[in-house]
Amino acid sequence: MNVRPNMLTPSPITSTAVQDVLSHCKSLSHIKQLHAHILRTVSDHNLNTFLFNLSSSSSSISLNYSLSLFSSIPSPPEPFLFNLLLRNLSRSAEPRATILFYQRIRHAGGRLDRFSFTPILKAASKVSALFEGMELHGLALKTAALSDPFVKTAVLDMYACCGRIVEARKAFDEMPQRDVVTWNTMIERYCRCGLLDEAFKLFEEMKCSNVMPDEMILCNIVSACARTGDTRYNRAVYDFLKENDVRMDAHLLTALVTMYAGAGCMDIAREFHTKMSVRSLFVSTAMVSGFSKAGRLEDARDIFDQTGKKDLVCWTTMISAYAESDHPEEALRVFEEMCRYGTEPDEIAMGSVVSACANLGVLENAKWVHELTHRNGFESSLTVNNALINMYAKCGGLDAARDVFEKMPTRNVVSWSSMINAFSMHGEANDALTLFARMKQENVEPNDVTFVGVLYGCSHSGLVEEGKKIFASMSDEYNVTPKLEHYGCMVDLFGRANRLQEALEVIESMPMAPNVVIWGSLMSACRVHGELELGEFAARRILELEPDHDGALVLMSNIYAREHRWDDVRKVRRGMEEKNVFKEKGVSRIDLNGKSHEFLIGDKRHTESDEIYAKLKEVVSELKLAGCVPDGGSVLVDV
DNA sequence: TTAGGGTTAG
């Protein structure tokens, strides 16, 4: 770089030349050379231009150099000289430097003008410097800069960012006039600290005050609506946008798509999604997630396939979509594809793969995925290990689940609950209770999920008294309010133990309305114990809630059949056929030497079907000899 | 020679 046209008599360079040369300065020594040249030409004007241009740069070298220049100026500088520097310091990675510089100006007896306040206040907001912010507020009041709406909005924002939302609102209320930016600042800050109702109230007030909301404000309102999870707001927003013909930019569309996708309104989400000219990965991932939650896997896959460069979150969304909707094989395929494309899984991605394997229910696959987690370095990951416990439990690998649990370096309440649930699922209620006691010894607070596991174990193993005690301890000892599923466990506990009256009492004493599952539990208990009258009562309650409930309809027709009310039987059966209601069939699956064998009721598809039925006959006759008589009551008409 | 507001996925 050569900024010296003549070594002996340097001539002054023009402002544009200063700007141009400065833009080519790559290091501190370049800047110093230029500075030296300007000093030798003794031009105040050029020095100011030099300062301006230094201050307008975003590089920290230039900003630091202009700071050092200011400290060498003997008399207090005029605001027009440093306002640009304040602005760029406040936007830099070190906003605190703005406040330090401001303090130096004050110390040197310099004054601020209305343009100086906003960047310093902004810096105070960024670093939560409430004390300095308040000082500036006072100073603005004294110098009448506060009459400037920009300064007032910055003061408001400073209070809100420093956690003083009440003071922010006070500043807002004191403003004689508010434009759309002021309204938005206040609304956005309310949203940020979770005061959504206040934000909505203010939005309504704003509309009454004849200020038209713009896309930024609507963006905030939409995101607030999404956060409430209250779908009534969604419709209101939609109508407002349609009625007012609002212009929509990418931010607003993003907020809209994520809100509607999150709420499961996928057709509206798609409407906005197609309006986007550039679709960010965020938005596409939100669409994939929304479609998969709405059970529309093919639509989810379409969006996923249309998405160009995918990141880990996007891949994971698709993997869990398949894992959670009974397509575990597809989940594993997508995972393998992701790895082929060179995306390394993290804990969450790995957890989704593990839960896909859990739903596959095949122990061989479970072992394979377990190895995979080790190969990827997740041996000590809490979430992955928790998922492994659940996976092994669902795949019949109780010992493997226990092994994972015992080897975990750290455990949380999820780990304990998962292991307790694993024991309960396998009918090992005593082990579940022992583990529950150990959990207590190790001072891990149980949560509602833990109690579902413990109570489930008790009900399946007939530990009625133990179950009663534990249920009572929930609120007495642990401050966990029983939910619907806990009452369900209690109904099941009494029902299985043929204490049907007590089961009914649980239902009657519940603080919430019993659902189909609760009545269903009572109904099956009645069927098993031949309590037809109470069973019919439960079945009727179910049919009130869900007229096509297969189990209740089958039970009703069986009851009528026992009583030889054949007309009623035919009526129920015909109704079921007309409405295409079929008893959902339970599937049994056995994995043998890496092969999975599936059986339905009356199923003859298996290649060794004849041998299997012959063996079954043998077993049943041995059972009869041992005094066990199969109950044909519930298959009277069903078969 | 300058100024105040935004969204978002597993």
Side-chain angles (χ1 to χ4, degrees), chain A residues 48-49 51-53 55-56 78-88 90-91 112-122 125 145 148-158 160-161 171-172 175 178-189 191-192 213-227 248-259 261-262 269 272 276 279-293 300 303-304 307 310-321 323-324 338 345-353 355 383:
Chain A
N48 287 351
T49 317
L51 258 178
F52 279 132
N53 288 305
S55 305
S56 65
E78 283 303 304
F80 78 89
L81 265 178
F82 56 69
N83 280 348
L84 196 60
L85 180 59
L86 282 173
R87 187 190 75 176
N88 286 308
S90 77
R91 290 176 183 174
L112 305 178
D113 70 4
R114 61 199 176 102
F115 295 112
S116 322
F117 281 96
T118 38
I120 314 170
L121 283 164
K122 194 191 184 68
S125 304
D148 185 289
F150 286 79
V151 176
K152 239 182 193 144
T153 308
V155 166
L156 179 169
D157 204 29
M158 180 276 299
C161 290
F172 176 84
M175 290 177 78
R178 306 176 193 105
D179 63 7
V180 69
V181 178
T182 329
W183 285 99
N184 191 35
T185 308
M186 196 64 236
I187 288 174
E188 204 277 333
R189 297 308 177 218
C191 292
R192 194 167 292 190
D214 64 1
E215 54 264 50
M216 267 197 208
I217 220 162
L218 284 165
C219 192
N220 281 318
I221 288 295
V222 168
S223 106
C225 290
R227 278 169 61 192
M248 287 181 223
D249 65 3
H251 286 298
L252 179 53
L253 283 168
T254 301
L256 283 166
V257 171
T258 44
M259 174 176 80
F272 290 118
M276 300 185 81
R279 289 165 196 165
S280 72
L281 190 55
F282 270 107
V283 177
S284 300
T285 309
M287 288 294 287
V288 173
S289 159
F291 273 131
S292 82
K293 277 184 205 137
I303 303 273
F304 180 75
T307 308
K310 304 171 187 70
D311 68 355
L312 184 57
V313 178
C314 188
W315 284 104
T316 312
T317 309
M318 198 65 239
I319 293 167
S320 14
E324 283 159 19
M338 176 184 98
D346 66 354
E347 283 185 309
I348 303 174
M350 210 64 238
S352 306
V353 174
S355 75
T383 33

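Order of the sequence lines sets the chain letters (A, B, ...), proteins ahead of strands, with each chain counted from 1.
Using a 4.0 Å heavy-atom distance criterion, Val283(A) is classed as making no nucleic acid contact. When heavy atoms are screened at a 4.0 angstrom cut-off, Arg279(A) is found touching no nucleic acid atom at all. Thr182(A) comes within 4.0 angstrom of a base, heavy atoms only. Arg91(A) comes within 4.0 angstrom of sugar-phosphate atoms only, judged by non-hydrogen atoms across all strands, and of no base. Residue contacts shown for Thr317(A) are limited to sugar-phosphate atoms, with no base heavy atom under 4.0 Å away. Nucleic acid contact for Ala349(A): base, since at least one base atom lies under 4.0 Å from a heavy atom of the residue. Within 4.0 Å (heavy atoms only), Ile319(A) reaches no atom of the nucleic acid at all. Residue-level contact check: Leu86(A) touches neither bases nor backbone, having no heavy atom under 4.0 Å from any strand. Val288(A) comes within 4.0 angstrom of no nucleic acid atom, judged by non-hydrogen atoms across all strands. Nucleic acid contact for Lys122(A): sugar-phosphate only, since backbone atoms but no base atoms lie under 4.0 Å from a heavy atom of the residue.
How far CG of Asn83(A) is from CD of Glu78(A): 10.5 Å, rounded to the nearest 0.5 Å. Of the inter-residue distances, the one linking His251(A) atom NE2 with Asn220(A) atom CG reads 10.5 Å to the nearest 0.5 angstrom. If you take CG on Leu121(A) and CG on Asp157(A), they are separated by 9.0 Å, rounding to the nearest 0.5 Å. Atom-to-atom distance recorded for Thr317(A):OG1 and Lys293(A):NZ is 8.5 Å, nearest 0.5 angstrom. Here the CG-CZ distance, from Leu253(A) to Arg279(A), works out to 10.5 Å after rounding to the nearest 0.5 Å.
Protein atom CG of Leu252(A) is 12 Å distant from nucleotide atom P of dT8(B), rounded to whole Å. Distance Leu112(A) CG to dT1(B) C1': 16 Å, rounded to the nearest Å. At whole-Å resolution of the value, CD in Glu78(A) and C1' in dT2(B) are 14 Å apart. In this structure, Met287(A) atom CE and dA9(B) atom C1' are separated by 12 Å, rounded to whole Å. Residue Glu188(A) contributes atom CD, which lies 8 Å from atom C1' of dG5(B) at whole-angstrom precision. Put simply, CE on Met259(A) is 16 Å from C1' on dA9(B), counting in whole angstrom units. The distance between atom CG of Asp214(A) and atom P of dT7(B), rounded to the nearest whole Å, is 13 Å. Going from atom CZ of Arg227(A) over to atom P of dG6(B) covers 14 Å, rounded to whole Å.
When distances run from any side-chain atom of Phe80(A) to the nucleotides dT1(B), dG4(B), dG6(B), the shortest one goes to dT1(B). In the set dT1(B), dG4(B), dA9(B), dA9(B) carries the atom at the smallest distance from any side-chain atom of Asp311(A). Listed nucleotides: dT8(B), dG6(B), dT2(B). Nearest to the side chain of Met216(A): dG6(B). Of the candidate nucleotides dT7(B), dG5(B), dA9(B), dA9(B) has the atom lying nearest to any side-chain atom of Val313(A). Each of dA3(B), dG10(B), dG6(B) was ranked by its minimum atom distance to the side chain of Asp148(A); first place goes to dA3(B). Considering only side-chain atoms of Thr285(A), the nucleotide from dT7(B), dA9(B), dT1(B) that sits closest is dA9(B). Among the nucleotides dG4(B), dA3(B), dA9(B), the one closest to the side chain of Arg114(A) is dA3(B). With dA3(B), dG6(B), dT8(B) as the candidates, the nucleotide lying closest to the side chain of Phe150(A) is dA3(B). Of the listed nucleotides (dT7(B), dG5(B), dA3(B)), dT7(B) has the atom at the smallest distance from the side chain of Asn220(A). In the set dG4(B), dG5(B), dG10(B), the nucleotide with an atom closest to the side chain of Arg189(A) is dG5(B).
Looking at heavy atoms from C-beta onward, Leu281(A) lies in side-chain contact with Cys314(A) at the 4.5 angstrom threshold.
Here the closest heavy-atom approach between residue Ala269(A) and residue Val257(A) is recorded as O-CG2, 3.9 Å. Taking each heavy atom of Ala349(A) and Asp346(A) in turn, the nearest pair found is N-OD1, 3.0 Å.
With hydrogens and angles left out, the side chain of Asp346(A) and the base of dG10(B) share a donor-acceptor pair within 3.5 Å. Side chain Asn184(A) to base dG4(B): no donor-acceptor pair is found below 3.5 Å. If you check distances only, the side chain of Thr185(A) never reaches the base of dG5(B) with a donor-acceptor pair under 3.5 Å.
For the OP1/OP2 pair of dG4(B) and a distance below 4.0 Å, the side-chain nitrogens and oxygens of Arg178(A) include no atom meeting the criterion. Side-chain nitrogen and oxygen atoms of Lys293(A) include at least one within less than 4.0 Å of the OP1 or OP2 phosphate oxygen of dG10(B). OP1 and OP2 of dA9(B) both lie 4.0 Å or more from every side-chain N or O belonging to Lys310(A).
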